[in-house]
Asks: 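This is the structure, below, for whatever I ask next.
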Amino acid sequence: MKVVRFLLDGRPRYGIEEGGTIRPIRGNPYTSFRVGGSTYRLGDGAYELEKAKLLAPCAPSKIVAVGLNYKSHAQETGMALPSYPLIFLKPSTAVIGPEDKILYPEASQRVDYEGELGVVIGKKASRVPKEKAKDYILGYTCFNDVTARDLQKKDGQWSRAKGFDTFAGIGPCIETELEPDNLKLETRLNGELRQSSRTSDLVFSVGELVEYISGIMTLLPGDVISTGTPSGIGPMKPGDVVQVKIEGIGTLRNHVAA
Ligand code: MG
C-alpha cells in the first residue's frame, strides 16, 4: 500500500495511491482509517495531480539521519567506518515534498544531494529491540539529505549544513509492504545517474538503527530515520533537477533554485 499526503482545497489530506489514482482516507495511516470519498486521478507528469498537489507523505516531529552508513560513501569521504551508528538531527522545518524547490542558501557555495532510504515510524517507539523493529515501522520512502558540504566541513558539527529550510526532501509515498534490506537506490541529476547502490550495502541495517536510535530518543509516529547515502555524492546548482528513486517506492523529484 502506498500512503500519500496531498493538498485538497488548501487542506492536507492522507490518501492511498493505486494504479494512478489517489483515494482519500478518513482518519490517518498511523491509527485506523477507511478509504472513501472521491477518487482523484493522477495527471500526465510524475505525481502531478489534476486537482491536488502531493506533499511530503509524513509530517515528522524530527528526522534522525545516519552518517557514513554505506562502506562506499565512507571510502569516498576518506573517513573510517564507524563502529556504531553516527547520527544527527534534521529539523522538521526542512521538510519539502515532491516537485518542491530546494533553495540554495546564500551562506553556501556547495549544496549536495544525498539519496537515501527513509524509514517512517508508525507508532511511538522507545527501546525497541531490532527483532521487533518492524512492528514500529509504517513503511519506507525516498529521502534527499540535502547538505551544504562546505559548511559541513567548516563547522565541524552538522546542524547548519544539514538544517536549512528545504534540505529534507521526502516522498513521493510511504510504501508499507516492503522488505528494506536489498532495494536498489538511484540518484539522478538532470537525468544523469550519479548514485547507484543497494540497501544490502548498509553498514547498519534498518532494525539495528531502530534499536540504536529508540534507545536514545523516543520516536513518534511520522518521524523519519534516514539511513545514509551511498557513494556518488556531488553538488547541485540552481536550475538542476534531482531525482531519488528506490525500488518498490517510486521517484522523489525536486528542483534546485537560487
Ligand atoms: Mg546523509
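Whatever order the structure lists ligands and atoms in, that order sets their numbers, starting from 1. As the structure is a prediction and not an experimental result, all values here were calculated from the model.
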Asks: Would you name the N/O/S atom of Asp145 that lies closest to the Mg ion (ligand 1)?
Replies: OD2

Asks: Check whether the side chains of Thr147 and Asp112 place a donor and an acceptor atom closer than 3.5 Å, and report yes or no.
Replies: no

Asks: Which atom name would you report as the N, O or S atom of Glu116 nearest the Mg ion (ligand 1)?
Replies: OE2

Asks: Write down the atom of Ile96, the atom of Lys101, and the distance for their closest heavy-atom approach.
Replies: CD1-O, 3.8 Å

Asks: Is the closest side-chain donor-acceptor distance between Gln157 and Ser159 under 3.5 Å?
Replies: yes

Asks: Out of the N/O/S atoms in Glu114, what is the name of the one closest to the Mg ion (ligand 1)?
Replies: OE1

Asks: Flag the pair Tyr30 / Cys58 as yes when at least one side-chain heavy-atom distance between them is below 4.5 Å, and no otherwise.
Replies: yes

